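Structure first, then comments.
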Amino acid sequence: MKNRFRILFLASEVSPFAKTGGLADVTSSLPKALYDMGHDVRIIMPKYGIISERKYILREVIRLKKIPVRMGSKEHVTCAKSAFIPDSKVQVYFLDYPAYFSRPELYVDAKTGTDFPDNAERFMLLCRATLATTKLLHWQPQVIHCNDWQTAMIPWLLKHEYAQDPFFAGTATVLSVHNLSYQGSFDKSVLPRIGIGPEVNTSDLEIWDRINFLKSGLVTSDLITTVSPTYAEEIQTDMEQSAGLLDILRRRKNDIHGILNGVDYSVWNPEKDPFISPYDADNLSGKLENKKALTARAKLPFDEKTPIIGIVSRMVDQKGFDLIADVIDKLISLKVQLVVLGTGDERYHKFFKKAAKTNPNQIAAFLTFDEELAHLIEAGSDMFLMPSRFEPCGLNQMYSLRYGTVPIVRKTGGLADTIIDFVLEPEKGTGFVFTDYSSNAMLTAIHHAVTAFQDQKNWIKIQRRGMKVDFSWTQSAENYIKVYQKLESKKRK
Ligand code: ADP
Ligand code: GLC
C-alpha cells in the first residue's frame, strides 16, 4: 500500500456533532490525527435531528443529493450533506434520512427508556448507504474503519453482497470495538427488513438464535482493534469481559490489536480551555478559582481543605455506580464533597437525587448531559472517581491527569494502562488504583487519596506528575497506520 491511505471512517457519533460518550471523542480526534499525518480521511455519520445545519455549515453535495438504498422490498431514498470537523479539514458526510434519524436521541427513546425498535433498520441503512455513497463519489477507500455494532455490518456486506464488486476490490475493513457489551442484537424476524432474504446464509450473523451485528463484524472484518492493550487481553481471557463472545475473539487472536485511545489536547487542556479559568502545572493557584466556581455552580459550601471528588459518566452498571451507592454514607464521613454529572439508568438518577437532598453540603448531582460543565468538573475537582466494573479505555482519567485532578480508578482495561498507583509507587504514582470490584476496596483507595491530599506539598507533586503525562494521539494514530499496513495482505486483488 502507498504511504497515503484513503480511509473512510464510519461511526454513529462524532464530536462535536453528536455525542453520548467517549466514542464520539475518538471518532473525531483520531481522524484529525490521521489527517495531520497526511492521510485522506473522511467520515460518514447519521444526520441526527440534534445536529444544527446552520451551526456547522452543512452543505449540499451534488453527487449525494439522491442516494437510493434498497432494503428488502423498500427503496429508501436518502441523501448526504457535508461539513468539516470544526477547526480542521476533515470532511464529514451526514447521511440524511429523517424517518430514521431526525429524532432527538441517538439510540434510546427517552420516553420509554428503551432502544428504538427500528435500530437494526436504522444502522443497516447507514451501512448500506455508506457503500453507495463511496460509489457515487467515485472515491475508493483502501480502508473502511468501522466503530462498534452500529457500523459492524459493513464487513459482512462487503464479504457477501459486494464480494464480486470490482469497486471494492482494493478495500479492506477494520472494526474497532469500543465496548463489547453493546452488540446490536435483534430478533431474526428483522432480516427481511434489513434486506437479507431467506436464500442468504446468515451463519456469520447469528449467535444465540438471534442476529448480532457486532458478531458479524468480529467474524468478517479483516482486522479488529480495541481501545487499550489490557482490554484486548481481558476480552480474550475473561468470560465476563468477553460478553459471551470469548470463542469468537479467541479464534481471531492474531487479528486483534489493542491500541490505547489518545487525548485531543486542543479540546482538553486547562491552559486553553474556554469553559474554565485557565491554569497550568506551574500555576496551580488558577485551579483553585475553578474549584470556587464549581462549588458555586453546585451550590456547595467552598472550603479549600475539603477535597472535591468529581464524576462525569454515563450512569450505567459498567461504571461502578453500585459500589458508590453501597457505601455513600461512609464516603461522606471521609469529609469530601462529591460532584456528579451524568445521565443513564433511572435508578442511579433516583439514588443521586436522594443522596444530594440528604447531604446538601457534600453532594451535588447534575443529571443532564452538559459538555461545558464536564470541563468545569475536570478543572474544579481535586480528585476524579472511576470505579468501573470494566472499562475498554476510559477517557476522563486521562483528561483528569492533564487537569491536575488526581484519578481514583479500578484496575481494569484502559484504566489499568494509564494510571500508576501512588500507594504502590510513590515516586511514580499519578493516581490511586484498586483491584477488587468491591466497595471496600474503592473506599480504601479514596481514603488513601484523602490522606495524601492533606499533605499539600506532596499532593502537588502527584498533580504535576500527572499533568506532564502525554497521551496525545500521535503515537496511537501511528499504531493505527501499522494496522492499516497489515491490511495489504488481506485485500481481495
Ligand atoms: P464512555 O465512552 O464509556 O462513556 P469514556 O470515559 O470513554 O466513557 O468517555 C466519556 C465521555 O463522555 C467523556 O468525554 C465525558 O466527559 C463525556 N460525558 C459522559 N457523560 C457526560 C455528561 N453527562 N455530560 C457531559 N459529558 C459527558
Ligand atoms: C466506550 C468505552 C470507553 C472508551 C470509549 C472510547 O464507550 O466504554 O471505555 O473510552 O468507548 O473508545
Side-chain angles (χ1 to χ4, degrees), residues 9 11-16 18-31 106-107 145-151 175-183 214 225-232 234-235 241 243 258-265 267-268 273 275 297 310-321 339-345 348-349 352 364-379 381 384-403 405 407 409-410 412-419 471 473 476 480:
F9 238 80
S12 58
E13 52 184 271
V14 178
S15 186
K19 166 168 169 177
T20 67
L23 171 65
D25 294 13
V26 175
T27 54
S28 172
S29 45
L30 174 56
L106 273 55
Y107 320 118
H145 191 144
C146 306
N147 293 275
D148 279 352
W149 74 264
Q150 294 89 342
T151 60
L175 172 64
S176 283
V177 177
H178 296 262
N179 197 328
L180 214 52
S181 64
Y182 299 96
Q183 300 183 359
L214 187 66
T225 68
T226 188
V227 288
S228 70
T230 295
Y231 190 62
E234 286 168 345
I235 58 176
Q241 297 262 27
I259 302 176
L260 194 71
N261 284 335
V263 174
D264 185 343
Y265 290 119
V267 178
W268 295 97
D273 189 328
F275 303 125
R297 176 86 191 264
I311 296 178
V312 180
S313 177
R314 291 183 296 117
M315 288 190 169
V316 293
D317 291 340
Q318 172 195 342
K319 302 293 180 178
F321 283 106
V339 179
V340 185
L341 168 64
T343 57
D345 293 354
Y348 295 129
H349 284 215
F352 279 112
F366 298 90
L367 306 171
T368 57
F369 195 94
D370 186 335
E371 191 75 36
E372 226 176 294
L373 182 57
H375 285 248
L376 182 60
I377 292 178
E378 282 293 1
S381 304
F384 197 93
L385 181 59
M386 294 178 78
S388 306
R389 177 183 281 277
F390 66 95
E391 196 60 77
C393 180
L395 296 170
N396 278 111
Q397 81 280 11
M398 296 192 269
Y399 302 160
S400 299
L401 287 179
R402 185 48 65 104
Y403 281 72
T405 303
V409 303
R410 175 154 179 267
T412 180
L415 299 174
D417 290 337
T418 50
I419 306 300
F471 286 116
W473 266 104
S476 303
Y480 277 102

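This structure is a prediction, so every number in the text was calculated from the model and none was measured. As the structure lists them, so they are numbered: ligands from 1, and atoms in each ligand from 1.
Considering Leu395, Val26, Leu341 only, the shortest heavy-atom separation from atom 6 (O) of ligand 1 involves Leu395. The nearest non-hydrogen atom to atom 2 (C) of ligand 2, considering only Met398, Lys319, Gln397, His178, comes from His178. Of all the listed residues (Met386, Gln318, Lys319), Lys319 holds the heavy atom that lies closest to atom 3 (O) of ligand 1.
Note that CD of Glu372 and CZ of Phe275 are 5.0 Å apart. Values are rounded to the nearest 0.5 Å. Here the straight-line distance linking atom CD of Gln241 with atom OG1 of Thr412 works out to 4.5 Å at 0.5 Å rounding. Atom CD of Glu234 and atom CZ of Phe390 lie 10.0 Å apart (nearest 0.5 Å). If you take CG on Leu415 and CD on Glu391, they are separated by 5.0 Å, rounding to the nearest 0.5 Å.
Counting only heavy atoms of the protein, atom 9 (O) of ligand 2 lies nearest to Glu391 OE2, 2.5 Å. In this structure, the protein non-hydrogen atom closest to atom 22 (C) of ligand 1 is Phe369 CD1, 3.4 Å.
Annotation for ligand 1: atoms under 4.0 Å from non-hydrogen atoms of Gly394 are 6 (O), 7 (O). Taking a cut-off of under 4.0 Å to the non-hydrogen atoms of Asn396, the atoms of ligand 1 that pass are 6 (O), 10 (C), 13 (C), 15 (C), 16 (O). Which parts of ligand 2 touch Gly394 is read off a 4.0 Å heavy-atom cut-off, strictly below it: atoms 3 (C), 4 (C), 9 (O), 10 (O). Within the listing of ligand 1, atoms 22 (C), 23 (N) sit less than 4.0 angstrom from a heavy atom of Thr368. Within ligand 2, counting atoms from 1 as listed, the ones closer than 4.0 Å to a heavy atom of Val227 are 12 (O). Residue Val26 approaches ligand 2 through these ligand atoms, each under 4.0 Å from one of its heavy atoms: 6 (C), 12 (O). Of all the atoms in ligand 1, the ones that sit under 4.0 Å from a non-hydrogen atom of Tyr399 are 14 (O). Each of the atoms 8 (O) of ligand 2 lies under 4.0 Å from some heavy atom of Arg314.
Under the 30°/60° scheme for interplanar angles, the aromatic rings of His375 and Tyr403 are found to stand perpendicular.
No side-chain heavy atom of Ile259 sits less than 4.5 Å from a side-chain heavy atom of Thr226. Using a 4.5 Å heavy-atom cutoff, the side chains of Tyr348 and Val340 are not in contact. Under the 4.5 Å side-chain criterion, counting only non-hydrogen atoms from C-beta, Gln150 is not in contact with Tyr182.
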TODO: Give the intermediate values and the outcome of salt bridge (Lys or Arg N to Asp or Glu O under 4.0 Å) for residues Asp317 and Arg389.
DONE: CA-CA 8 Å; Asp317 291 340; Arg389 177 183 281 277; over 6 Å; no
- [ ] Before giving the answer on ring-ring contact (aromatic ring centres under 6.0 Å, His included), spell out for Tyr399 and Trp268 the whole-Å C-alpha distance, their side-chain angles and the decisive distance to 0.1 Å.
- [x] CA-CA 6 Å; Tyr399 302 160; Trp268 295 97; 4.1 Å; yes
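A donor atom on one side chain and an acceptor atom on the other are not found under 3.5 Å apart for Gln318 and Ser181. Between the side chains of Thr27 and Asn147, not a single donor N or O lies within less than 3.5 Å of an accepting N or O.
When Thr405, Asp370, Asn396, Leu341 are each tested for a side chain to side chain contact (heavy atoms under 4.5 Å, CB included) with Ile377, only one passes: Leu341.
At a heavy-atom cutoff of 4.0 Å, ligand 1 is contacted by no atom of Thr20, backbone or side chain. Within the 4.0 Å heavy-atom criterion, the part of Asn261 lying near ligand 2 is the side chain and not the backbone. Contact annotation for His178 and ligand 1: no heavy atom of the residue comes within less than 4.0 Å of the ligand. With a 4.0 Å cut-off on non-hydrogen atoms, Gln397 does not touch ligand 1 at all. For Phe366, no heavy-atom contact with ligand 1 is shorter than 4.0 Å. Looking at Met386 against ligand 2, nothing comes within 4.0 Å, counting heavy atoms. Contacts with ligand 2 closer than 4.0 Å are made by side-chain heavy atoms of Asn179 only, the backbone lying farther away. Under 4.0 Å from ligand 1, the heavy atoms of Asp370 that appear belong solely to its backbone. At a heavy-atom cutoff of 4.0 Å, ligand 1 is contacted by the backbone of Ser313 but not by its side chain.
Residue contacts with ligand 1: Arg314 is placed with a nitrogen or oxygen under 3.5 Å of a nitrogen or oxygen of the ligand (distance criterion only). Checked by distance only, ligand 1 and Gly22 come closer than 3.5 Å through their nitrogen or oxygen atoms. Ligand 1 has a nitrogen or oxygen under 3.5 angstrom from a nitrogen or oxygen of Lys19. Looking at ligand 2, you won't find any N or O of Gly22 less than 3.5 Å from one of its N or O atoms.
Remark: Ser313 pairs with Ile311, Lys319, Phe321 by the side chain to side chain contact (heavy atoms under 4.5 Å, CB included) rule, at least two apart or across chains.
Taking the centre and axis of the six-membered ring of Phe471, the NZ or CZ atom of Arg402 falls outside the cone set by 45° and 6.0 Å.
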